[in-house]
Amino acid sequence: MSDLDLLHFEQLKNEVQTQYLENHTPSFDDISKWKGIDIIYFQEDLRKIAKGNISEKTFYTYFKNSPVTKLPRIDMLNILSVYAGYVSWYDFKKNHLFSDEILKDLEEEDENLEEILSQDIKNAPEIEEEEKNPAPKPKISEKTVEKQVENYDLQNSTTDIQNVNKNGPTFSSYDTTEQKGTFSLVKKYLWLGISLVLAILVGLLGFKDELFSKKFYYSFIDADRNSKINAELQVQILKENESPIVYTAKPNEPFVYTTQSKSLTMVVSSPYYRTDTIHRNLETAPEAETIELKPNDYAIMLFYYSKSIKDLKRKRETLNYLISDDALIYQVYDNETYGVETMDKQRYINLVTLPSTSLENLEVIETKDDKSNKIIMIKFKIATDEKIN
């Protein structure tokens, strides 16, 4: 990547901005100041014209900073070039050359590339010929073999004519073989016994939690519908003088908790259900239990309205009635460049009633309501799955 490529990309960003401003009126003319609903409208226009998509994370990485220090992937460069009216990223650069000399250098390199590769192949060593004609192995004569055999014959005479001379008197010895065998046998069984005891102790230490613990199974159902909850639940286990331990209960599956304690305090929460604190005496509590959770009707309605594209006028009227005029509304982003954005009530209603495919990934994180049953706080995010290299 050269500095000229980075300059070309800055030119491309300006032409993308010009192309969008021809048919749209965002909050700011400068593309680096776009955010929230402006980015969503741009994503829709890019999908419509270039048949491609740019994630919110990619937009903040390459359009919020100027000049950039690295280029996007080539597929993203091609999509943006098509949106600006060119065939590809190469076509865009060809139409924005800084000098004729750069183009000539590139053409000469392309013409010489095949010649250089052919020359390298010709200069490669002929390995097959070397393998066909291996070096001859040295021959070993029969005389050499006989000489080596003679060197190994260290006995000058046969065993039949050798004499054994007795030097001194002969003494008799006491046979201790039986005692040594008995001692070795006792020592062997002693080590086996010690190893067995150590193995049992290690097993007790390693599996003491499983041996002395007890499992409890908790299933959660919707209190209004008397049906299993098809959503993840957050379960916090509270212990005295300790920080909460957070678990995740999977949809349509019981939450399994293993403990040696005699009591249990857990807080169950979900964006779509009321938070409930549960206390149990585990000495008398059953191993399996079903717990009802009260649904958060406001959060469920917000989720439903963000997914449905039918009867937009009625959706806007209902949301306007449910949400307080002074509500605090936060949009949480997955990227580090722009973490949280606040918006007013009308802007939120415009966002969730926009017929956009981006709303398929909208998640309601948290809601709060006041005594008059008006929503006073909404926290949400639009998830993205694209990874940047």
Just wondering, are more than 12 heavy atoms of other shown residues or ligands nearer than 6.0 Å to NZ in Lys345?
yes

Would one find more than 12 heavy atoms of other residues, nucleotides or ligands at under 6.0 Å from atom CG of Asp30?
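Yes, CG of Asp30 has more than 12 neighbouring heavy atoms, counting only those of other groups under 6.0 Å.
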
For [X] and [Y], which I'm curious about, is there any donor-acceptor pair between the side chains at under 3.5 Å?
{"X": "Asp38", "Y": "Ser27", "answer": "yes"}
{"X": "Tyr86", "Y": "Glu15", "answer": "yes"}
{"X": "Glu341", "Y": "Tyr333", "answer": "yes"}
{"X": "Ser263", "Y": "Ser261", "answer": "no"}
{"X": "Ser324", "Y": "Asp326", "answer": "no"}
{"X": "Ser55", "Y": "Thr58", "answer": "yes"}
{"X": "Asp222", "Y": "Tyr273", "answer": "yes"}
{"X": "Gln19", "Y": "His24", "answer": "no"}

Would you say [X]'s side chain and [Y]'s backbone share a donor-acceptor pair under 3.5 angstrom?
{"X": "Asn320", "Y": "Arg316", "result": "no"}
{"X": "Lys64", "Y": "Ser32", "result": "yes"}
{"X": "Gln43", "Y": "Ile54", "result": "yes"}

Minimal non-hydrogen separation, [X] against [Y], with atom names:
{"X": "Met266", "Y": "Ile291", "result": "CE-CD1, 3.9 Å"}
{"X": "Ile329", "Y": "Asp344", "result": "CD1-O, 3.8 Å"}
{"X": "Phe63", "Y": "Ile31", "result": "CD2-CD1, 3.4 Å"}
{"X": "Lys13", "Y": "Val68", "result": "NZ-CG1, 4.1 Å"}
{"X": "Val267", "Y": "Thr275", "result": "CG1-CG2, 3.5 Å"}
{"X": "His96", "Y": "Phe92", "result": "ND1-O, 2.7 Å"}

List the steps, then state whether side chain to side chain contact (heavy atoms under 4.5 Å, CB included) holds for Tyr330 with Met377.
CA-CA 8 Å; Tyr330 305 91; Met377 192 276 285; 4.1 Å; yes

Geometric cation-pi criterion, Lys374 with Tyr321: 6.0 Å, 45°:
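Yes.
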
Do the two ring centres, one from Phe42 and one from Tyr20, sit under 6.0 Å apart?
yes

Please confirm whether Tyr90 and His8 have ring centers closer than 6.0 angstrom.
no

Derivation and outcome, ring-ring contact (aromatic ring centres under 6.0 Å, His included), residues Tyr218 and Tyr257
CA-CA 8 Å; Tyr218 296 100; Tyr257 182 60; 8.0 Å; no

Full working for ring-ring contact (aromatic ring centres under 6.0 Å, His included) between Phe380 and Tyr348:
CA-CA 10 Å; Phe380 73 98; Tyr348 173 77; 5.4 Å; yes

Do Ile278 and Thr265 pass the side chain to side chain contact (heavy atoms under 4.5 Å, CB included) test, and can you show the C-alpha distance, the side-chain angles, and the key distance before you say yes or no?
CA-CA 6 Å; Ile278 300 165; Thr265 301; over 6 Å; no

Closer than 4.0 angstrom, basic N to acidic O: yes or no for Glu289 and Arg280?
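Salt bridge present between Glu289 and Arg280.
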
Roughly how far apart are Ile79 CD1 and Leu46 CG, rounded to 0.5 Å?
6.5 Å

Could you go through the side chain to side chain contact (heavy atoms under 4.5 Å, CB included) check for Phe220 and Val268 one step at a time?
CA-CA 10 Å; Phe220 301 97; Val268 184; 3.7 Å; yes

